[in-house]
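Step one of this worksheet: look at the structure below.
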Amino acid sequence: MKDYEDIKSIKGIGEKTAGYFNRLGVFSAEDLLSYYPRSYVQYEEPVTPDPGCCGKICSYRLFVSEDFKWKKLRNLVIGTGTVTDGNKVIRLTFFNVPYYKGKLVKGAVYIFRGKLLNENGRLKMEQPQLFTEEDYSVLKKGLWPVYRLTKGLSNKVVQKSVERCMYENGQISLFREYLPEDAIERFDLCPRKEAVAGIHFPKDKEHIQRCRRRLAFDELITFLMMIRSFSNRKIAEKSGFSMIETALPHRIIEKLPFELTDGQKNAFKDITEDLTGGYVMNRLIQGDVGSGKTIIAFLSMMLCADNGFQSAMMVPTELLAVMHFKNLKILLEDNGIDLRIALLTGQTSAKERKDILSGLSDGSIKMVIGTHALFQQKVVFKDLALVITDEQHRFGVRQRQSLSLKSRSPHILAMSATPIPRTLSIVLYRDMSLSVIKSKPSSRLEIKNCVVGTSYRNTAYKFINDEIKKGHQAYIICPLVEPSEGLENVENVTDYAEKIKDLFPKDVRIEHLHGKMKDAVKNEIMDNFSKGNIDILVSTTVIEVGIDVPNATVIMIENAERFGLAQLHQLRGRIGRGKDQSYSIFIDGSDSAKENKRLSVLNSTNDGFRIAEEDLKIRGAGDVFGIRQSGLIPFDIADIYEDHELIMSIGDYLDEILKDDPELDNEIHSGIREHTSENLHKFIDFKTI
Ligand code: ADP
Ligand code: MG
């Protein structure tokens with residue numbers, strides 16, 4: 001075990017500040033040093049203020065041309081006044097910074113850092129940072145870390161605490177070297193301590209890259225070791241649930257309102273062969289959003305039931321569970337099949353739950369769809385033959401395992417839309433057979449896309465309104481739930497929904513949805529949306545996975561610059577599910593050409609696999625941190641796309657050392673074993689691919 005040092009032992013961190021840190025998941029010194037910056041700032045030489053600087057954050061050397069005036073407005077203290085470089089005059093406004101009162105007096109000179117705005121030819125700035133000449137010259141010398149914060153905690157405090165923790169408290173020593181010399185050389189890695197220190201306080205941009213790569217290595221080796229420990233199972237294990245092919249699934253296929261695509265047919269053929277082949281199935285179906293994976297899952301469950309066995313499908317969200325359950329029920333009714341099925345989630349009432357539990361244990365319920373509620377100990381199956389995970393990457397390894405343990409080696413079917421390059425999936429899903437659904441249903445029209453700036457909003461609203469008039473529905477996605485300090489230019493669903501109510505005709509029904517709402521409320525809203533009782537759903541990314549409302553034909557995504565391409569693609573997958581032409585509108589709030597180029601990839605293709613590849617290419621080495629592919633593996637710093645090659649070569653390395661030393665008992669490798677076991681906890685309870 002490592003030494004545990006509470007962050008309160010660091011100078012300047014008392015009970016209160018510690019509480020803020022705790023909110024960010026930082027409890028120990030080690031947590032703090034592993035709390036990596038989100039980005040860096042470079043304080044450049046001050047520039048001359050002119051309209052060309054507008055919109056960017058810059059520094060200016062200016063003197064105060066008049067004493068600032070301060071007034072109170074409700075709970076705000078507002079200070080206004082002008083500053084000048086001797087040529088241009090800039091009007092400044094400050095909020096709630098009473099300590100600037102004595103500073104903003106006529107004649108004083110400071111470096112002001114902020115975003116210059118041009119209002120009808122008049123220059124102004126709100127709440128710029130203010131530095132003395134002396135302070136600024138120190139800042140100019142390096143790159144400074146910018147951390148993700150929480151209310152009450154400033155960047156300065158985090159930075160200072162990290163610095164103290166590292167040097168005054170000497171906690172940098174926690175990061176011992178565990179790799180053998182030859183591995184360090186082979187991968188050209190910098191020492192671990194240097195990497196930790198440098199990621200917080202880098203010398204320059206290249207140094208960040210070097211440190212990042214080392215820390216990514218440390219995370220990836222743990223992760224890959226974990227994958228291995230879970231996939232050491234024999235590939236060809238005899239199954240206790242051997243089945244025979246029956247007519248039922250084919251009868252259902254014939255009655256579907258559509259013809260299965262070739263990819264769907266092949267996937268189901270693979271599954272049928274597995275289930276009837278006498279060995280335990282362990283198969284992953286990879287298919288882009290909207291490729292029609294659900295029906296394949298349902299057909300597999302039918303085959304199981306027809307053989308007299310039970311099957312369970314687990315999904316990551318309550319919303320999705322409810323939706324799948326309804327669809328399964330309709331499928332059974334349409335085909336006149338009389339089978340007992342159940343929905344088990346956190347919302348299930350106690351009485352219903354009791355019924356379901358007894359139905360599962362006596363075997364009378366043949367199919368169950370549920371959320372993590374399925375994992376609970378009390379859930380016992382009579383003969384669970386097939387476990388399906390939809391949106392597989394959303395579940396933790398331990399969760400998935402625990403459902404498998406509810407039966408002696410059930411067949412496993414995982415479904416994922418995560419577009420992972422094939423080479424990489426071989427490393428990540430070592431023991432799984434793979435079926436890829438490449439084609440989309442041919443009845444679909446290609447989604448039309450556009451990437452535009454915020455000035456396009458009104459046009460977009462008009463467009464959405466026209467679609468609504470045609471009887472269609474729309475999603476608008478915002479990154480935040482509610483307003484957040486420091487993120488003034490990031491849209492939130494709460495305010496947004498209110499704002500647009502004034503912009504649309506009165507009869508347009510607008511609702512908002514986010515993950516912090518109670519499950520019952522979420523379900524009701526989603527239900528209303530799918531019944532067509534809501535026209536515009538303003539939502540966070542809670543609708544990202546799985547939701548299927550074919551009548552929705554527009555998705556507008558605010559602050560698209562804040563999302564990874566793969567995630568935007570997932571979001572866009574919510575539309576284009578029916579027969580009507582669908583549209584996605586990506587609003588780029590960044591005003592940057594580089595960002596626009598990245599987003600334009602979404603314009604050029606609707607193919608998730610290609611998007612992942614392009615994403616990889618665009619974000620090469622130049623991009624310090626890239627945009628983390630959220631929703632995948634909970635890496636602090638590694639990234640399955642960016643570190644694609646590193647993952648592959650660590651995989652090779654592990655193959656080599658584990659071949660001769662499978663338990664890593666050899667003294668040379670024992671450091672790797674210890675490092676892995678100390679850090680494993682990070683992945684195990686979380687979602688992973
Ligand atoms: P995903 O792969 O993203 O889970 P779904 O299974 O939710 O996709 O399917 C998306 C929509 O496409 C559903 O409304 C489904 O009924 C429909 N669908 C599935 N297969 C086909 C097909 N072969 N032809 C036409 N529509 C299909
Ligand atoms: Mg799905």
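In each ligand, atom 1 is the first atom listed, and ligand 1 is the first ligand listed. Just so you know, residue 1 is the first one in the sequence shown, and it goes up from there.
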Between Glu259 and ligand 1, which residue portion shows a heavy-atom distance shorter than 4.0 Å: side chain, backbone, both, or neither? backbone
Taking atom types as modelled, is there a side-chain donor on Ser584 or Asn449 under 3.5 Å from an acceptor on the other? yes
Regarding Gln286 and Ser435, do their side chains bring together a donor and an acceptor under 3.5 Å, going by distance alone? no
Do Leu220 and Asp643 come close enough that some side-chain heavy atom pair is under 4.5 Å? yes
Which ligand 1 atoms are under 4.0 Å away from a heavy-atom of [X]?
X: Val289; answer: 3 (O)
X: Thr261; answer: 23 (N)
X: Thr294; answer: 4 (O), 5 (P), 6 (O), 7 (O)

I need the full list of ring pair (Phe, Tyr, Trp, His ring centres under 6.0 Å) pairs touching residues 286-320, with sequence neighbours left out, sorted by first then second residue. Phe241-Phe309
Does ligand 1 have any atom that is closer than 4.0 Å to a heavy atom of Gly287? no
With a 4.0 Å cut-off on heavy atoms, is Gly290 in contact with ligand 1? yes
So which pairs with a foot in residues 328-340 pass side-chain hydrogen bond (donor to acceptor under 3.5 Å, both in side chains), sequence neighbours left out? Arg340-Ser364
Under 6.0 Å between the ring centres of Phe586 and Phe563? no
Closest by any non-hydrogen atom to atom 1 (P) of ligand 1: pick that one out of Gln286, Lys293, Arg444. Lys293
